[in-house]
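Worksheet: one structure, shown below.
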Amino acid sequence: MSRKKLIPDFGPLKNVRVLCSGSIVAMPHAANLMADFGAEVINIERPGAGDTYRGLAPFAKNGDKRVSTSWAQDERNRMSMTMNLDLNIPEIKEIFMTLIKDADIFMENLVWLEKYGIRDEDLLKANAKLVIVHISGYGRPQFGGDPKICDRASYDMIGQAFSSYMHLNGDPEPAPPMLTKPWTNDYISALTAVFGALAAYISAQQTGKGQVVDVAQFEAMGRILSDTIVSYTEAGTLRTRTGTNATAFQPYGLFKSKDDRWVAIGAFGPGAYTRFVKAIGLDPEYYTFKECASSPAAVSSEKGQDLNKRSVEWCLARTSAEIEETINKAKVGCSTVYTAADVVDNPHWLDRGDIIKYKDESLDKTIKAFGIVPKFSETPGKVWRGAPTVGQDNEKVLKELLGYDDKKIAELKAKELI
């Protein structure tokens, strides 16, 4: 028997149903990434106010209507169901477990999960092929670690700090480490969660056996530390903050332009370095790669510092557009540091469909937002609707998936369970 569908068919995930609950920011974004490619995402929110994410400023307004701009961007394509998630309440347990039985993936970042009566073993007993994805700051104790640390609260900034990622960003001491924006750890955790969820889903389809995926914010960040750990354990090198510009080779950093913009220029290796030196009108036979750019010692040498001085002066004498044109023509990486004001009308962004329009349900108007990535040749993603209002799909889910009639739904509302 075919599954009842609540959303349009599109994308490579059109037959995947995701049930999720949680808030700011990692879990909702992970679900949204799948929803952008056709997964049917049913998001359980708190009755009344809904997801805390809805209250995050700034807000877009349309008359007396308003919506968090974060919510409008990150929560599109999902269905909203409001429900008290305490499974110790019989009516709630009936609804939740019925939804679990027909879900492919359950994702959550709830705090103190067990107090709601939600246990992995019960969910897998109800649905043997279910993929359960937990997203937390420090990981679930079932997968190891100190239970007291696993029980700690966490946010994006905390994950950046505990992972040691924050230690690498910002200017050298005595300046403090830098928090990278916006919600870098949350978004990296979301990408890790999507990878884990879909890998486990493929396994479940092949074996008939679901499993639990544990995503810890600090571990997701730790996975993108490159060789930081091995550099310390095997080479005795403890990486520290070097600021904007690289110290191991050059040019690789930010340069100020004549029109007071910052421009990023990066030339790694002798080939790109030589092309850069030629592009700014210098002699690579004099400013050799070996003497000026091949190592920290070369960069800090008298000739290396002279090259940096001339590079800075060359950029200051030109507009950002002139710098981009010259350096990119030499096949060396270069881009002005753009703002949102720059990219929303950038022809390359627009031609790739990266700025799109869709109707926001809360504002009841069309908004302009970031589009769908990555691009698919055969089964592309799309936005079928904007972020939902609180509980917008209560009746649709309860009637069409669970078969509840108006009387039973009214009883649940009267008890303030939905």
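Along the sequence shown, residues carry numbers from 1.
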So [Y] and [X], do their side chains get closer than 4.5 Å, heavy atoms only?
{"X": "Thr233", "Y": "Ile229", "result": "yes"}
{"X": "Ser70", "Y": "Tyr53", "result": "yes"}
{"X": "Ser311", "Y": "Ile280", "result": "yes"}
{"X": "Phe59", "Y": "Lys65", "result": "no"}
{"X": "Val194", "Y": "Met34", "result": "yes"}
{"X": "Asp104", "Y": "Leu130", "result": "no"}

Closer than 3.5 angstrom, by distance alone: can the side chain of [X] be matched with the main-chain N or O of [Y] as a donor-acceptor pair?
{"X": "His167", "Y": "Arg239", "value": "yes"}
{"X": "Glu400", "Y": "Lys4", "value": "no"}
{"X": "Arg78", "Y": "Gly386", "value": "no"}
{"X": "Asp214", "Y": "Arg140", "value": "yes"}
{"X": "Trp384", "Y": "Asn77", "value": "yes"}
{"X": "Ser68", "Y": "Leu56", "value": "yes"}
{"X": "Arg46", "Y": "Gly50", "value": "yes"}
{"X": "Asn169", "Y": "Pro177", "value": "no"}

Taking atom types as modelled and ignoring hydrogens, do the side chains of [X] and [Y] form a donor-acceptor contact shorter than 3.5 angstrom?
{"X": "Ser23", "Y": "Asp51", "result": "yes"}
{"X": "Gln217", "Y": "Ser189", "result": "no"}
{"X": "Tyr116", "Y": "Asn84", "result": "no"}
{"X": "Gln392", "Y": "Thr389", "result": "yes"}
{"X": "His134", "Y": "Asp120", "result": "yes"}
{"X": "Ser80", "Y": "Asp393", "result": "no"}
{"X": "Asp227", "Y": "Ser231", "result": "yes"}
{"X": "Thr336", "Y": "Glu324", "result": "yes"}

Could you grab the distance from atom [atom1] of [X] to atom [atom2] of [Y], nearest 0.5 Å is fine?
{"X": "Arg17", "Y": "Arg3", "atom1": "CZ", "atom2": "CZ", "result": "4.5 Å"}
{"X": "Thr192", "Y": "Arg223", "atom1": "OG1", "atom2": "CZ", "result": "9.5 Å"}
{"X": "Ser294", "Y": "Phe249", "atom1": "OG", "atom2": "CZ", "result": "12.0 Å"}
{"X": "Phe370", "Y": "Trp349", "atom1": "CZ", "atom2": "CH2", "result": "5.5 Å"}
{"X": "Asn346", "Y": "Leu350", "atom1": "CG", "atom2": "CG", "result": "7.0 Å"}
{"X": "Ile265", "Y": "Thr326", "atom1": "CD1", "atom2": "OG1", "result": "9.5 Å"}

Inspect the contact between [Y] and [X] and indicate whether a charged nitrogen and a carboxylate oxygen are less than 4.0 angstrom apart.
{"X": "Lys359", "Y": "Asp364", "value": "yes"}
{"X": "Lys413", "Y": "Glu395", "value": "yes"}
{"X": "Lys181", "Y": "Asp156", "value": "no"}
{"X": "Arg241", "Y": "Glu173", "value": "yes"}

Derivation and outcome, salt bridge (charged side-chain N to carboxylate O under 4.0 Å, His left out), residues Lys408 and Glu91
CA-CA 10 Å; Lys408 192 165 186 178; Glu91 295 96 327; over 6 Å; no
Using the six-membered ring of Phe96, assess whether NZ or CZ of Lys93 lies under 6.0 Å from its centre and within 45 degrees of the ring axis.
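Pair Lys93/Phe96 does not count as cation-pi.
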Between Thr184 and Leu179, does the side-chain contact (heavy atoms from CB on, under 4.5 Å) criterion hold? Intermediate values first, please.
CA-CA 9 Å; Thr184 304; Leu179 173 66; over 6 Å; no
Assess whether side-chain contact (heavy atoms from CB on, under 4.5 Å) is satisfied between Leu168 and Leu225, documenting all intermediate values.
CA-CA 9 Å; Leu168 302 178; Leu225 286 173; 3.9 Å; yes
CA sep, side-chain torsions, deciding dist, call: Lys399, Asp406, salt bridge (charged side-chain N to carboxylate O under 4.0 Å, His left out)
CA-CA 8 Å; Lys399 286 184 176 180; Asp406 291 336; 2.6 Å; yes
Among Lys375, Arg76, Lys14, exactly one meets salt bridge (charged side-chain N to carboxylate O under 4.0 Å, His left out) together with Asp36. Which residue is that?
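So, applying the salt bridge (charged side-chain N to carboxylate O under 4.0 Å, His left out) to Asp36 and each of Lys375, Arg76, Lys14, only Arg76 qualifies.
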Give the C-alpha distance, both sets of side-chain angles, the deciding distance and a yes or no for side-chain contact (heavy atoms from CB on, under 4.5 Å) between Phe106 and Ile100.
CA-CA 7 Å; Phe106 170 57; Ile100 282 291; 4.0 Å; yes
Is it the case that more than 12 heavy atoms not belonging to Gln142 sit under 6.0 Å from its CD atom?
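Buried by this count: over 12 neighbours within 6.0 Å.
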Does NZ belonging to Lys209 count more than 12 external heavy atoms closer than 6.0 Å?
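12 or below, so no.
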Taking every non-hydrogen atom, the tightest pair across [X] and [Y]:
{"X": "Ala72", "Y": "Val67", "value": "CB-CG1, 4.2 Å"}
{"X": "Val133", "Y": "Ala193", "value": "CG1-CB, 4.2 Å"}
{"X": "Asn88", "Y": "Gly117", "value": "ND2-N, 4.3 Å"}
{"X": "Gly210", "Y": "Leu124", "value": "C-CD2, 4.2 Å"}
{"X": "Val263", "Y": "Ser257", "value": "CG2-CB, 4.2 Å"}
{"X": "Ala293", "Y": "Val299", "value": "CA-CG2, 4.2 Å"}

Is there a side-chain contact (heavy atoms from CB on, under 4.5 Å) between Thr98 and Ile95 once you walk through the steps?
CA-CA 5 Å; Thr98 303; Ile95 295 172; 6.0 Å; no
Carefully, step by step, assess Asp122 and Arg119 under the rule salt bridge (charged side-chain N to carboxylate O under 4.0 Å, His left out).
CA-CA 5 Å; Asp122 295 335; Arg119 289 175 286 271; 3.0 Å; yes
Quick one: salt bridge (Lys or Arg N to Asp or Glu O under 4.0 Å) partners of Asp345, sequence neighbours excluded?
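Listed in chain order: nothing, the list is empty.
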Parallel, tilted or perpendicular: which describes the rings of Phe218 and Tyr138, with under 30° parallel and over 60° perpendicular?
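Correct class here is tilted.
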Show your reasoning for whether ring-ring contact (aromatic ring centres under 6.0 Å, His included) applies to Phe37 and Phe376.
CA-CA 10 Å; Phe37 287 93; Phe376 279 50; 4.9 Å; yes
Residues 144-151, side-chain donor-acceptor partners within the protein, below 3.5 Å, at least two apart:
{"from": "Asp146", "atom 1": "OD1", "to": "Lys148", "atom 2": "N", "distance (Å)": "2.9"}
{"from": "Asp151", "atom 1": "OD1", "to": "Trp112", "atom 2": "NE1", "distance (Å)": "2.9"}

